[in-house]
Amino acid sequence: MVSLTDLFLASLLVPTSLGSALPPRIDTIDQRGGRVTLKQVRNPRGHKAFNPARATYRTFLKYGVPAPDYIKKAVAHIDEEQEEAFARIKRDTGSAAAIPINEVDIAYVTPVTIGTPPQTLMLDLDTGSSDLWVFSSLTPSNQVRGQEIYSPTKSSTSKLLSGHTWSIRYGDGSGSRGTVYTDNFTIGGLEVKSQAVQAALEVSSSFTQEQSLDGLVGLGFSALNTVRPSSQLTFFDNARPNLDEEVFTADLKYHATGSYDFGFIDSKKYAGNITYTTVQQSPGYWTHSLSGYSVGSGAFQASQISGISDTGTTLLYLPTAIVTAYYRQVQGAQNSQYYGGYVFPCSSTLPTFTFGIEGARFTIPASYINYTRISPTSTTCYGGLQSSSGLGINIFGDVALKAAFVVFSGTNPPRIGFAIK
Ligand SMILES: Cc1noc(C)c1CN(C)Cc1cc2n(n1)CCN(c1cc(N)ncn1)C2
């Protein structure tokens, strides 16, 4: 005969899935002939652990034999150990600032720490490349002008990746090269142990002149990494297995500090829904299509426009036909060979520019496209929207990305999401 105590205990000892503080919801209790059926629901996190002592306990119950005390205790012991084990499986997340390095948002830097004790550098998180490289103690001093440097010899956890080198060239002709260490690397509390950190032996003059930028964190796909003879994984690829969700998000802001989050999507940072679209990860960029565009209050022009979402590129580069349609609405605008792009009188009124992601629409305010004066005293201004002809690729750079909350999802297949904010 099953005693009430046993029944009560059975309801408590029902297999709790790992990671749930509460016993799982009991859907149905079918109490026929003194028997209790407890329907299990999977823990929303999908984690489940089998408790062998509970199986034995239920066998006692099934045959109406009072279970010995030690079995009842064993069930609780195993539950407890499984609970502790699950708690140790790291579900990592991280969140860090994206700080504009000058008054026109030419790039954004994020504080990171490298090594033991931690060395803090300000790096440009760049979804358009896949090398994590830093100014270092190996960079010739005449090429360092105010940047923070990484000194591997001052880190007890640094290891030389012997025989490995790297060399990278960016779209604007800037570049760097060097050697490789592994070390502990943290962004916003999210740590990757033995991350490949590419120490610069040489940097181009444009990096030397950029004193607020100590290097880059490539967040493109690892296929683009330039380390040889064996290419290295990006910070995101290394962190992914431990992340709560296989995502990172970019919330870049106009003339203000935004943020990058890793491993979670912060619903406080956007409004409405996130619209996702598929990403072609070859050859290694976050390549996707816009579904079309409109200029100011003009009609939306549906058209698949393939390009890359690139946080490391300052401006928005689109096909010439679209760019000329835009500047046709700007009094005094011209495509200047002399200034290397579309310029206009700074006093001109600019229209907004709207781009589509699937069925969603994202509007870039005119202020983002009135990018900068040619010089502090000039009345001529340079556009934040420029032609991509000559680049061979359309680039949805910061001028576009800062108009949205962007989710870079490392799921299989990868996808990218945009939301209004
Ligand atoms: C230009 C520029 N862009 O941001 C900054 C800072 C500058 C200023 N410049 C003096 C220095 C410089 C040049 C580059 N950077 N920094 C950042 C990485 N660059 C990229 C990344 C990428 N995904 N795609 C193309 N280039 C080129």
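This structure is a prediction, so every number in the text was calculated from the model and none was measured. Excluded from the calculations below are hydrogen atoms, water molecules and symmetry mates; all remaining heavy atoms, backbone and side chain alike, are included. Atoms within a ligand are numbered from 1 in the order they appear, just like the ligands themselves.
Taking every heavy atom of Tyr170 and a limit of under 4.0 angstrom, the matching atoms of ligand 1 come to 19 (N), 20 (C), 21 (C), 26 (N), 27 (C). Applying the 4.0 Å criterion to heavy atoms of Ile101 picks out, from ligand 1, the atoms 6 (C). Close approach of ligand 1 to Leu216 (heavy-atom distance below 4.0 Å) involves ligand atoms 18 (C).
Protein heavy atom nearest atom 13 (C) of ligand 1, with residue, atom name and distance: Asp172 OD2, 3.2 Å. Protein heavy atom in closest approach to atom 16 (N) of ligand 1: Phe207 CE2, 3.3 Å. The closest protein non-hydrogen atom to atom 7 (C) of ligand 1 is Ile106 CD1, 3.7 Å. At the top of the distance list for atom 11 (C) of ligand 1, counting protein heavy atoms only, stands Ser206 O, 3.6 Å. If you check which protein heavy atom lies closest to atom 17 (C) of ligand 1, you get Asp124 OD2, 3.6 Å. The protein non-hydrogen atom at the shortest distance from atom 8 (C) of ligand 1 is Glu210 OE1, 3.2 Å.
The aromatic ring centres of Phe185 and Tyr150 sit 6.0 Å or more apart. No close placement of the Tyr108 and Tyr260 rings is indicated, their centers lying 6.0 Å or farther apart. Outside the 6.0 Å centre-distance limit, the rings of Tyr293 and Phe355 are not counted as a close aromatic pair. In this structure, the ring of Phe408 has its center less than 6.0 angstrom from the ring center of Phe248.
There is a side-chain donor-acceptor pair under 3.5 Å between Thr320 and Ser387. Under the 3.5 Å distance criterion, with hydrogens and angles disregarded, no donor-acceptor pair is assigned to the side chains of Ser129 and Asp131.
Under 4.0 Å from ligand 1, not a single heavy atom of Thr127 appears. The side chain of Asp126, and not its backbone, has at least one atom closer than 4.0 Å to an atom of ligand 1 (non-hydrogen atoms only; side chain from C-beta on). Looking at Ser174 against ligand 1, only its side chain comes within 4.0 Å, counting heavy atoms.
Looking at heavy atoms from C-beta onward, Leu316 lies out of side-chain contact with Tyr368 at the 4.5 angstrom threshold.
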Working note: Thr93 + Asp244, criterion side-chain hydrogen bond (donor to acceptor under 3.5 Å, both in side chains); need CA distance, chi angles, decisive distance, verdict. CA-CA 7 Å; Thr93 63; Asp244 220 26; over 6 Å; no
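Summarising the contacts of atom 24 (N) of ligand 1 with Thr313, Thr314, Ile395, Asp398, the nearest heavy atom is found in Thr313.
Ring geometry for Trp133 versus Phe207: interplanar angle over 60°, hence perpendicular rather than tilted (30 to 60°).
Looking at Asp310 next to ligand 1, an N or O pair under 3.5 Å apart turns up.
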